[in-house]
Amino acid sequence: MKILQGSAIFFLLLFFSSTAFAHKFIMSTWVEGDTVYLEAGFSDGTTAKHAKIEVFDNSSGDKLLDGETDDSGEFSCKIPKKTELRIHGNAGMGHQGESIIPLEDVAEAFPGDGADLSESAGSVTAETEAPVVSPTPAAAGISEAELQKIVETAVEKKLRPLLRKMAEQDMKGPSLQDIMGGIGYIIGLIGLGTYINYRRKSK
Amino acid sequence: MHISDGVLSAPVLLTGGALTVVGTAIGLKKLDYDQMAKVGILASTFFVASLIHMSLGPTSVHLLLNGIMGILLGWATFPAVLVGLFLQAMFFQFGGITVLGVNTFNVAGPAIVCYYIFNAVVKKNPKYAVPMAFLCGALSVFLTALMVAVALLFTEESFMEVAILAVTAHLPVMVIEALVTGFCMIFLRKVQPEAIPALTAHK
């Protein structure tokens, strides 16, 4: 009897799970040059249009600027201040998220202060600086700073598709494994409950 | 409707948590262990159902199925929903742990209300089971949307705006759930009427 009842509801479950989508608010942020890019959406791929975006100075807590995502769920702004940024996105009805942009990423937008660039660990520019310094760029008519800028732009251009891809990965929804895992736990709990009940009854 | 972590204020979270604890305690006490399979199946269905979503402009909503859960499980809906939401938080990062109490109450509370309404009508007139199922399917979603608005009211937004937004966004869900609940009832009544507490209690 339970099998019949079970299969009735199980068919319903199967019928719907073929069209399963996900539902988590996700925000991806990255820095290119002096601009912060943001993509907001839900983890099934739909974008969050006109979501409220606020950019804060994470060290002082002051709000630096606000705006909203466009019809494709994207938002961008020039980095307002050389500080660690905290970006807060709100898509309404309780969907919100936060993202921190570390100081290293922000510092790249302010190349005037040379000390910062050499400090940022693992920065791509630090690696490319070494071969550039030794020959005399003045002879070729390009100053060191200009060459650095050219290299940076080229590297960012190459990195952009990679960063986009990583952002997309973030946006992937629950996998089949996750679903099977959750249902497995439920079945386990039911089994446990039934066992406890059996023990209690047989006493 | 999953509210994310960090949206609601502490008093709201604590109230929701307390109410859920009470509801779950009652649910576990009234749990008829012979019905464990039913609870497990409905909990699994609920777990997966939230993945089925419709996007409407800036926001996205998903199926709840709390109508059919209330009608079939009664107070056991509380532990079922709690487990379902907890596993969703763990596996899919939907909602959060701090908001677990509020989210559970928002979904299970209306289910209990529909359980009592359904029983009140159907115990006297079993032939109204199907129309009542359609009604309760829509009603449970409506009440949940309302309660989400109430929870958000105590944060920043004005009640009317959020309430109207939440309810209108869920109108398609109400229609679909009414259909799902109704057809489930039609099927179960023919095949397994013992599964429906309202019909078995009828002497």
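First the proteins, then the strands, lettered A, B, ... as listed; each starts at 1.
Looking at A:L189, the atoms closer than 4.5 Å to chain B (heavy atoms on both sides) sit in the backbone and in the side chain alike. Neither the backbone nor the side chain of A:I187 comes within contact range of chain B, judged by heavy atoms closer than 4.5 Å.
Expressed to the nearest 0.5 Å, how far CZ of B:F47 lies from CD1 of A:I179 amounts to 7.0 Å. Separation of atoms OG1 (B:T45) and CD1 (A:I183) is listed at 8.0 Å; rounding is to 0.5 Å. Rounding to the nearest 0.5 angstrom, the gap separating the CZ atom in B:F86 from the CD1 atom in A:I186 is 12.0 Å.
Remark: B:S140 engages B:N66 in a side chain to side chain donor-acceptor pair (under 3.5 Å) (not counting sequence neighbours).
More than 12 heavy atoms of other residues, nucleotides or ligands sit less than 6.0 Å from atom CZ of B:F134.
When each of A:I190, A:D71, A:T69 is scored by its heavy-atom pairs under 4.5 Å with chain B, the top score falls to A:I190.
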